[in-house]
Amino acid sequence: MTNTLLIAPSMLSCDFARIGEELARAEAAGADWHHVDVMDGHFVPNLTIGPPVVAAVHKVARVPLDVHLMITEPLRYAGEFAKAGAHVLTFHIETCTNEAAARKVIAGFREAGVKSVGVSLNPDTELTRILPILDSVDLVLVMSVFPGFGGQKFTPSVLSKTRGLREHGFTGRVEMDGGINAETIARCAEAGCDTFVMGSALYGAPDMRSELARCRELASKAAPRALPAR
Ligand code: DX5
Ligand code: ZN
């Protein structure tokens, strides 16, 4: 079975003075999820939003919230983000010293009621760091830029990780984040990604709807016909 392709506009690139309208604009354009970037100024050199904003967004959003935690202590805040309405909650493997620590985070997320647990890895983190825990996550978020800011350039070398995940038989969602646009999306789909975060390329497009449709088409044409069966 092949996972459906999902496009998740990243609200980091929206007009923060008009978040509700911007999310509605993304939904009208065909967004499958809203990608929500949470940064703590420690794990990454930027600060963004926390649980109260996620809760407010959840009240108006009509598609699931894909919450990407770029924070040093993901377990500490799992309950708050789950309560705020995170559908997907993703932590970074770099915040865990070993496999046991990562398993503790995953268990904590599940106990908090998170429906879909994701693990993310930075461009310079080896795939081997997450292989032991693949059996217990629903999604892997492969970073194609160093996290912290939107509008950066895609790093093609991370595509080997996506291929590696599929070669290891991972059938969950593989999501790519950073520099995804009409130039880069096909290569990601070809390598086995089924979920695409797009910030500046969509929120900055003159016509978000047609740009999203164009990218979805490019991805679906490039996607391998048969991903490993679930
Ligand atoms: C970067 C964030 C991304 C960002 C992507 O740290 O994790 O989700 O919003 O933005 P673009 O698509 O502009 O690279
Ligand atoms: Zn992100």
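Not measured: the values here are computed from a predicted model. Remember, it's 1-based here, ligands and their atoms both numbered in the order they're listed.
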Participant: Are any of the N or O atoms of G199 closer than 3.5 Å to those of ligand 1?
Facilitator: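 Among all N and O atoms of G199, at least one is under 3.5 Å from an N or O of ligand 1.
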
Participant: Around atom 14 (O) of ligand 1, find the nearest protein heavy atom and jot down its residue, atom name and distance.
Facilitator: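 The closest heavy atom on the protein side is G179 N, 2.8 Å.
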
Participant: Hey, which atoms in ligand 1 end up nearer than 4.0 Å to a heavy atom of D37?
Facilitator: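 Once the distances to D37 are compared, the set is 2 (C), 3 (C), 4 (C), 7 (O), 8 (O), 9 (O).
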
Participant: Can an N or O of G151 be found at a distance shorter than 3.5 Å from an N or O of ligand 1?
Facilitator: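 Among all N and O atoms of G151, at least one is under 3.5 Å from an N or O of ligand 1.
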
Participant: Does N46 reach the main-chain N or O of G148 with its side chain, forming a donor-acceptor pair under 3.5 Å?
Facilitator: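 Yes.
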
Participant: As an exercise, identify every atom of ligand 1 less than 4.0 angstrom from a heavy atom of H35.
Facilitator: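 Those qualifying, in numeric order: 8 (O).
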
Participant: Below 4.0 angstrom from a heavy atom of G178, which ligand 1 atoms are there? Numbered from 1 as shown, please.
Facilitator: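 What qualifies from ligand 1 is 14 (O).
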
Participant: Taking only heavy atoms of H68, which atoms of ligand 1 are found under 4.0 Å from at least one of them?
Facilitator: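 Reading through ligand 1 atom by atom, the close ones are 7 (O).
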
Participant: Show me which atoms of ligand 1 lie under 4.0 Å from any heavy atom of S200.
Facilitator: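 What qualifies from ligand 1 is 11 (P), 12 (O), 13 (O).
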
Participant: Assess whether a salt bridge exists between R76 and D40, defined as any Lys/Arg side-chain N lying under 4.0 Å from an Asp/Glu carboxylate O.
Facilitator: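 No.
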
Participant: Please list, in chain and residue-number order, the protein N/O/S atoms closer than 2.8 Å to the Zn ion (ligand 2).
Facilitator: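 For the Zn ion (ligand 2), the protein N, O and S atoms that sit under 2.8 Å away are H35 NE2, D37 OD1, H68 ND1, D177 OD2.
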
Participant: What I'd like to find out is whether the side chain of V142 reaches to under 4.5 Å of the side chain of V174, using heavy atoms alone.
Facilitator: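 When only atoms from C-beta onward are counted, V174 and V142 do touch, with a gap below 4.5 Å.
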
Participant: Do L121 and F154 share a hydrophobic cluster (ILVMFWY, side-chain heavy atoms under 4.5 Å, transitive)?
Facilitator: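 As far as the 4.5 Å side-chain criterion goes, F154 and L121 are connected within one cluster.
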
Participant: Quick one: nearest non-hydrogen protein atom to atom 9 (O) of ligand 1, plus distance?
Facilitator: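 In this structure, atom 9 (O) of ligand 1 has S10 OG, 2.8 Å as its nearest protein heavy atom.
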
Participant: Answer yes or no: does an N/O atom from S13 fall short of 3.5 Å to an N/O atom of ligand 1?
Facilitator: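 Checking ligand 1 against S13, no N or O pair falls under 3.5 Å apart.
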
Participant: I'd like to check which ligand 1 atoms, numbered from 1 as shown, lie under 4.0 Å from a non-hydrogen atom of V197.
Facilitator: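 Near V197, meaning under 4.0 Å from one of its heavy atoms, ligand 1 has 8 (O).
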
Participant: Hey, is ligand 1 close enough to G148 that some N/O pair sits below 3.5 Å?
Facilitator: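 N/O-N/O distance below 3.5 Å exists for this pair.
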
Participant: Are D138 and R110 ion-paired here, with the side-chain N under 4.0 Å from a carboxylate O?
Facilitator: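 Yes, D138 and R110 are salt-bridged.
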
Participant: Using heavy-atom distances only, which candidate in T90, V145, D177 approaches atom 7 (O) of ligand 1 most closely?
Facilitator: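 Nearest heavy atom to atom 7 (O) of ligand 1 lies in D177.
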
Participant: As a test of understanding, state which of D194, V140, D66 forms a side chain to side chain contact (heavy atoms under 4.5 Å, CB included) with E175.
Facilitator: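 Testing each of D194, V140, D66 against E175, the sole residue satisfying side chain to side chain contact (heavy atoms under 4.5 Å, CB included) is D66.
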
Participant: Do the side-chain N and O atoms of T125 and N122 include a donor-acceptor pair separated by under 3.5 angstrom?
Facilitator: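 There is no such pair between these side chains.
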
Participant: Show me which atoms of ligand 1 lie under 4.0 Å from any heavy atom of P147.
Facilitator: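 By the 4.0 Å cutoff, the relevant atoms are 6 (O).
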
Participant: Is any NZ, NE, NH1 or NH2 atom of the basic residue among R25 and E21 found under 4.0 Å from an Asp or Glu carboxylate oxygen of the other?
Facilitator: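 Looking at E21 together with R25, the answer is no, because their closest N to O distance does not fall below 4.0 Å.
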
